[in-house]
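What follows is a structure written as structure tokens; I'll ask about it next.
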Amino acid sequence: MIDRTHMIGKRDILAFVTLRNERVRLPYFLKYYRNLGVDHFLIVDNDSDDGSNSYLASQEDVSLWYTNASYKKSRFGMDWINWLLFRFGHTHWCLTVDPDEFLIYPHWDTRPLHALTSWMQATGSRSVSGMLLDMYPKGAVDGQIYREGQNPFDIARWFDPANYTIQKNRFYQNLWIQGGPRTRTFFADNPLSGPALNKIPLVKWNRRFVYVSSTHMLLPKGLNQVYDEDGGETFSGCLLHAKFLSTFATKSAEELDRKQHYSNSQEYHAYHAGLQSGTQLWCEESREYRDWRQLEELGLISRGNWA
């Protein structure tokens, strides 16, 4: 354990992360979120053997916990993250993301996270939604080598502009979003078994709060109401998802072998089978990513009342 939490300031924005074997991604990931305004990273390393642990230990704004316990038995890492949020997140704006998720929102390129959270607090908002937007290359997933420190979206520049379904979870009051390239490519025969894309990654934390299932939904239920049912628009962002890089084939094979993911790693069975058969995610309807304004025009994010 490398505990630097004594360095956390009263108004610091905190990032909470669980990872395994993500060494090649870490330099860009940390740089991106530092530039966005994250002040301190609280990271759980789940038995990495690729140098992730030693690299993170050398970062002065990182507190690091190491465990070789079962990811699956910890509710896919959420027990670890919920404990850290309870212990260190109280009264802070907390961002919970994976190393392949990059938050963007209206004006993110000119207004950092501290500007956003100040505005959210002034308007009485406690949580921010960010739909997971799968990004992918044109051509084979492993067609271009991803190199350490590189912006992943130099390679994975494409996304699905539509092809999404939304349902409301009546019990937790959150929206359940599915679709996009993974569903149309790997789960076309059974779209309802495709991955959930709804996320609530940014929350003004209180130790009474808890994530129920990944960052898809929380308790108390009011934190999940990040939408307007009366025809108005509520502020929302996106998590650009850089899963599909040249490292993915190795990662999917490893996770398939470990059997530590949801539903006996059903997703990774589908990914592995698709990759073996040469499946590509790009299609004629794919759109090349330009900027956040493009996503706003497509209705994938909204500035709400944040002019």
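Values below: all heavy atoms of this structure, side chains included; hydrogens, waters and symmetry mates excluded.
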### Query
Can a salt bridge be assigned to the pair E296 and R303 using a cut-off of 4.0 Å between side-chain N and carboxylate O?
yes

### Message
For E233 and S302, which I'm curious about, is there any donor-acceptor pair between the side chains at under 3.5 Å?
### Response
yes

#### Entry: Short side-chain donor-acceptor distance under 3.5 Å, Y227 and S236
no

### Query
Given the rule in the side-chain hydrogen bond (donor to acceptor under 3.5 Å, both in side chains) test, do R126 and Q225 qualify, once you have shown the distances and angles that lead to the verdict?
CA-CA 10 Å; R126 299 182 295 173; Q225 294 174 340; over 6 Å; no

### Message
What I want to find out is whether D61 reaches R4 closely enough, with some N-O distance under 4.0 Å, to be called a salt bridge.
### Response
no

### Message
Would E148 and R23 count as a salt bridge (charged side-chain N to carboxylate O under 4.0 Å, His left out) here? Give the steps.
### Response
CA-CA 8 Å; E148 181 179 317; R23 174 66 181 84; 3.3 Å; yes

### Query
Salt bridge between R184 and D160, side-chain N to carboxylate O under 4.0 Å?
yes

### Message
Could you go through E22 and R25, starting from their C-alpha distance and side-chain angles, then the distance that decides it, and tell me whether this counts as salt bridge (charged side-chain N to carboxylate O under 4.0 Å, His left out)?
### Response
CA-CA 5 Å; E22 298 286 9; R25 291 183 179 271; 3.3 Å; yes

### Message
Going by ring pair (Phe, Tyr, Trp, His ring centres under 6.0 Å), name the residues that satisfy it together with F88, two or more places apart in sequence or in a different chain.
### Response
W65

### Task
Would you indicate whether N190, at its atom CG, is surrounded by more than 12 heavy atoms from other residues, nucleotides or ligands within a distance under 6.0 Å?
yes

### Query
Just by distance, with hydrogens left out, do H40 and T5 show a side-chain donor and acceptor under 3.5 Å apart?
no

### Query
With distance as the sole test, does T183 use its side chain to make a donor-acceptor pair with the main-chain N or O of G180 at under 3.5 Å?
no

### Message
Any donor-acceptor pair under 3.5 Å linking the side-chain atoms of D98 with those of H241?
### Response
no

### Summary
Hits for salt bridge (Lys or Arg N to Asp or Glu O under 4.0 Å) against R147, two or more places apart or cross-chain, chain-then-number order -> none

#### Entry: Test item: side-chain donor near acceptor, N21 and D49, under 3.5 Å
yes

### Query
Should K138 and E288 count as an ion pair when the cut-off is N to O under 4.0 Å?
no

